[in-house]
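What follows is one structure encoded as structure tokens, with my remarks underneath.
Sequence positions, counted from 1, serve as the residue numbers for this chain.
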Amino acid sequence: HVALAQLPEFTEGLCQPQDSTAQRAMLLAAPSPGEFDLDLCAGAGTKATHAAELMGNAGLVIACDPDIDRLARLDANAARLGTTIVKKTTPADLDTEIARAGRLPDLIVLDVPCTNTGALARRPEARYRASHKSLLALAAVQREILNNALRLAGPATRMLYSTCSIEREENEDQMEWFIGQHEGWRISEQKLTLPDDRRDGGFAALLRQT
């Protein structure tokens, strides 16, 4: 076995490892060159750099996360991949960065915190955190993130909501709640993927305005 970080394909920036279910989420959003994409739950920036790649490194991607340690990994990751359009920020500085962009986002990505029940093969510790109480708590956080994203959306902004959960309460129910609460939004497409021996499970939905 060889550590992934030692493979030349990785160190030379020729690839970014990502589960196929997670890849399909960003493909559903279909970011295009010249767009302004905002990733509100960016973590280490895997989806942000994926968006930049799909955009042909043309446009702007702002990656935001409250966890400074996780976000710190984004610079090295973007540099390795040759991506120059990704900027990182924290929630405290987000409004300033959007003002500098001079426009509202074309796409807001919400890869929200979840129970990880679709990725137990990769994250076995998640099964010990899983409970009905934690599910309800995370569902409340997810709704808060969805509502916070609304204030950043313009009239043509679309939103990508994704989880690595297979629980209806975190997925389909959240989308039904959102469009029921916010007139003018509709579910353009959504897909639940169950885990198997080749991929994680997860959910992705693209929200558009009518």
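- Look at Lys47 and Asp39 and you find no salt bridge, because none of the NZ, NE, NH1 or NH2 atoms lies under 4.0 Å from a carboxylate O.
- Remark: the Thr46 side chain and the Gln18 side chain contain no N/O donor-acceptor pair separated by less than 3.5 Å.
- With respect to Trp185, the side-chain contact (heavy atoms from CB on, under 4.5 Å) criterion is satisfied by exactly one of Arg208, Met175, Met159: Met159.
- Nearest heavy-atom pair across Leu107 and Ala29 is CD2-CB, 3.8 Å.
- The existence of a salt bridge linking Glu125 and Arg123 is confirmed by a sub-4.0 Å separation between a basic side-chain nitrogen and an acidic carboxylate oxygen.
- Side-chain heavy atoms closer than 4.5 Å link hydrophobic residues (I, L, V, M, F, W, Y) into clusters, and following such links, possibly through other members, connects Leu94 to Ile108.
- Here the closest heavy-atom approach between residue Ala44 and residue Asn77 is recorded as O-ND2, 4.2 Å.
- Residues Ile62 and Tyr161 share a single hydrophobic cluster, defined by chaining ILVMFWY side chains whose heavy atoms lie under 4.5 Å apart.
- Residue Arg24 comes nearest to Thr193 through the heavy atom pair NH2-CG2, 3.6 Å, listed as atom of the first residue, atom of the second, then distance.
- Lys191 and Glu172 are not joined by a salt bridge, as no carboxylate oxygen comes within less than 4.0 angstrom of a charged side-chain nitrogen.
- Side-chain contact annotation: Asn171 with Thr163, donor-acceptor N/O pair under 3.5 Å present.
- A salt bridge links Arg158 to Glu35: at least one charged side-chain nitrogen sits closer than 4.0 Å to a carboxylate oxygen.
- Cluster partners of Leu4 are Val2, Leu7, Phe10, counting Ile, Leu, Val, Met, Phe, Trp and Tyr whose side-chain heavy atoms approach within less than 4.5 Å, directly or via other members.
- At a threshold of 4.5 Å between side-chain heavy atoms, the hydrophobic network of Ile, Leu, Val, Met, Phe, Trp and Tyr places Leu40 and Leu207 in one connected group.
- Residues Phe36 and Ile98 come closest through the heavy atom pair CZ-CG1, 4.3 Å.
- Ionic pairing of Arg151 and Asp95 is present here: one or more N-O contacts between side-chain nitrogen and carboxylate oxygen are shorter than 4.0 angstrom.
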